[in-house]
Amino acid sequence: MSTIYLNGKYLPLEQATVSVEDRGFLFGDGVYEVVRLYHGRPFELEAHLQRLRRSIQGAHLPLPNAVADLPAIIERLMAENDLQDANAYVELTRGPAHPRSHAFPAQARPTFLVMPLPIHALPDDAFTRGVSAITVPDVRWRRCDIKSIMLLPNTLAKQQAREQEAFEAIFVRDAIVIEGASTNMFAVIEGLLTTHPADQDMLAGITRQVVLALAADLGLGVREAQFTLDQLYGAEEVFLTSTTAEVVPITQIDGRLVGQGRPGPVTMRLAEAFQKTVGAGIRG
Ligand code: PLP
């Protein structure tokens with residue numbers, strides 16, 4: 001039974017409850033973060049904290065003091081649950097309010113949750129063979145830079161991918177490739193590593209930022225610029241990034257092979273550099 005943190009208390013998961021009037025439950029009125037722990041240590045915690053503060057600001061949520069305590073809360077949860085490699089899930093909602101009403105309540109008491117999550121197991125051959133993806137229309141709002149818990153378009157897209165036996169769904173808006181349902185997208189186009197610019201149409205992934213820094217270290221040509229669905233189909237290489245999936249080659253999109261249909265050299269160099277950075281060794 002795992003111990004979680006809820007509103008200042010450390011509790012067994014089974015005893016941790018939230019009001020049915022919580023605005024997170026009723027409106028999806030909240031924000032979240034997912035931080036990866038490698039060997040018991042949170043990876044890029046400061047970047048996640050900065051993004052959480054930006055999401056809180058963007059959602060006009062009050063900034064709870066507990067956000068400053070997050071490093072200590074995560075450390076205690078990992079110790080109490082005896083975890084070394086796991087994810088920490090952090091969620092802040094506007095809290096319970098009575099009666100249900102769209103506009104903010106006069107007195108909001110935010111709900112703040114931190115709980116460990118197991119690491120997603122990727123398909124065994126994800127790194128050697130790559131994964132497949134489908135594309136879907138991006139029907140989301142125009143503030144995807146806020147890491148909101150309002151994830152229905154993302155869950156619908158991911159479910160569609162599962163039903164088509166694909167690993168990820170890629171959002172496309174006006175023929176522009178935006179990002180995955182829970183990942184950022186990179187494509188090697190005419191030799192240049194290309195990824196959508198971090199604007200309000202997408203979430204600026206922490207892994208994306210780490211990969212951009214690694215690409216610069218490796219002397220790779222990088223372009224943060226929009227690219228089209230046709231350019232995605234014609235790309236030499238495509239890969240996705242996220243805290244939970246890390247760097248994963250995509251070798252098939254909408255049933256078409258990407259390049260030769262095998263993970264490409266740029267992807268593999270970056271995946272290996274990423275594994276070195278997190279100190280987990282290079283995957284075979
Ligand atoms: N884009 C979306 C929509 C996401 O939900 C996520 C992660 O959950 C990402 C991108 C990747 O972000 P990060 O690398 O910070 O995990």
Side-chain angles (χ1 to χ4, degrees), residues 5 30-78 83-92 110 112-117 119-120 143-149 151 154 178-186 193-218 220 222-225 239-248 269-280:
Y5 172 96
V31 298
Y32 77 110
E33 269 300 322
V34 181
V35 182
R36 177 76 183 255
L37 284 107
Y38 294 98
H39 311 302
R41 293 215 317 271
F43 181 61
E44 291 287 320
L45 182 56
E46 193 44 49
H48 283 283
L49 284 172
Q50 266 179 32
R51 187 172 65 185
L52 179 60
R53 287 191 207 99
R54 279 203 310 274
S55 294
I56 288 172
Q57 215 173 22
H60 297 201
L61 284 159
L63 179 68
N65 293 334
V67 169
D69 300 333
L70 206 46
I73 294 171
I74 292 176
E75 198 179 318
R76 179 159 164 193
L77 284 179
M78 292 303 133
L83 292 170
Q84 289 291 307
D85 293 299
N87 295 305
Y89 177 84
V90 181
E91 180 173 316
L92 177 73
F112 191 57
L113 163 74
V114 188
M115 63 178 174
L117 290 180
I119 304 222
H120 288 283
R143 287 305 307 274
C144 293
D145 56 317
I146 298 172
K147 199 165 166 61
S148 159
I149 60 170
L151 289 171
N154 308 60
I178 310 289
E179 65 178 335
S182 63
T183 60
N184 290 116
M185 246 353 102
F186 285 81
L193 185 62
T194 312
T195 191
H196 193 285
D199 59 17
Q200 296 193 343
D201 283 344
M202 59 153 248
L203 185 76
I206 307 302
T207 321
R208 171 186 179 278
Q209 208 49 51
V210 170
V211 165
L212 285 172
L214 291 172
D217 289 350
L218 292 172
L220 301 173
V222 176
R223 212 164 44 120
E224 286 184 70
F239 64 87
L240 60 79
T241 63
S242 80
T243 294
T244 52
E246 305 174 325
V247 177
V248 180
R269 278 181 80 190
L270 287 167
E272 286 171 13
F274 188 82
Q275 288 307 316
K276 267 192 201 148
T277 304
V278 300

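One-based numbering along the sequence shown.
- For the pair E33 and R53, the salt-bridge criterion is not met [side-chain N within less than 4.0 Å of a carboxylate O].
- R143 CZ: more than 12 foreign heavy atoms inside a 6.0 Å radius.
- You'll find the side chain of V222 reaches within 4.5 Å of the side chain of L212, heavy atoms only.
- Using a 4.5 Å heavy-atom threshold, the side chains of I119 and T244 count as separate.
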Handout entry: Trace of the side-chain contact (heavy atoms from CB on, under 4.5 Å) decision for L70 with L52
Key = CA-CA 11 Å; L70 206 46; L52 179 60; 4.0 Å; yes
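- For the residue pair A273 and L214, the shortest heavy atom distance occurs at C-CD1, 3.9 Å.
- A heavy-atom distance below 4.5 Å is found between the side chains of I146 and V31.
- Taking CD of E272 as the reference point, atom CG of L218 lies at 10.0 Å (rounded to 0.5 Å).
- Here the closest non-hydrogen pair linking A181 and N154 is O-ND2, 2.9 Å.
- Put simply, the side chain of H39 gets close to the backbone of G279: a donor and an acceptor are under 3.5 Å apart.
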Exercise for the section: Just do the side-chain contact (heavy atoms from CB on, under 4.5 Å) check on I206 and R51 with the steps written out, would you? Expected result: CA-CA 9 Å; I206 307 302; R51 187 172 65 185; 3.7 Å; yes
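- For D217, the CG atom is densely surrounded, since the number of other residues' heavy atoms within 6.0 Å is greater than 12.
- In this structure, L83 and A86 approach most closely via the heavy-atom pair CD1-CB, 4.0 Å.
- Counting heavy-atom neighbours within 6.0 Å of E75 CD, excluding the residue itself, gives a total of 12 or less.
- Side-chain atoms of E91 do not come within 3.5 Å of backbone N or O of G30 as any donor-acceptor pair.
- Proximity of V90 to L113: side-chain heavy atoms (C-beta onward) are nowhere separated by under 4.5 Å.
- For the pair T183 (side chain) and T241 (backbone), a donor-acceptor distance under 3.5 Å is absent.
- Taking 4.5 Å as the limit, every side-chain heavy atom of N87 sits out of range of all side-chain heavy atoms of V35.
- For the atom pair CZ of R54 and NZ of K147, the computed distance is 12.0 Å after rounding to the nearest 0.5 Å.
- For the pair P42 and R36, the minimum side-chain heavy-atom distance is 4.5 Å or more.
- Summarising the geometry, atom CD1 belonging to I178 is positioned 9.0 Å from atom CE belonging to M202; distances are rounded to the nearest 0.5 Å.
- A pairwise comparison of heavy atoms in A215 and L193 identifies CB-CD2, 3.7 Å as the closest pair.
- Remark: H120 NE2 to S182 OG distance equals 7.0 Å, nearest 0.5 Å.
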Problem - side-chain contact (heavy atoms from CB on, under 4.5 Å) assessment of D145 paired with D199 - result: CA-CA 7 Å; D145 56 317; D199 59 17; over 6 Å; no
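- Residues P62 and P64 share a closest heavy-atom pair of O-CD, 3.1 Å.
- In this structure, the side chain of T207 engages the main chain of T243 through a donor-acceptor pair within 3.5 Å.
- Using a 4.5 Å cut-off on side-chain heavy atoms (C-beta onward), D85 and Y38 make contact.
- Checked against a 6.0 Å centroid threshold, the rings of F239 and F274 do not count as neighbours.
- Note that CD1 of I74 and CG of L45 are 5.0 Å apart. Values are rounded to the nearest 0.5 Å.
- A pairwise comparison of heavy atoms in A225 and P197 identifies C-CD, 3.5 Å as the closest pair.
- Taking the six-membered ring for Trp and thresholds of 30 and 60 degrees, F112 and Y5 have ring planes more than 60 degrees apart, a perpendicular arrangement.
- A donor and an acceptor atom, one from each side chain of E246 and Q275, are located under 3.5 Å apart.
- Of the possible polar contacts, none joining the N184 side chain to the R208 backbone as a donor-acceptor pair under 3.5 Å is found.
- Surrounding CD of Q57 are at most 12 heavy atoms belonging to other residues, nucleotides or ligands under 6.0 Å away.
- With rounding to the nearest 0.5 angstrom, the OH atom of Y32 is 10.0 Å from the CD1 atom of I149.
- With contacts defined as side-chain heavy-atom distances shorter than 4.5 Å, the pair R269/L220 qualifies.
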Practice task
Mind running side-chain contact (heavy atoms from CB on, under 4.5 Å) on D201 and C144 for me, showing each step along the way?
Solution key: CA-CA 5 Å; D201 283 344; C144 293; 5.7 Å; no
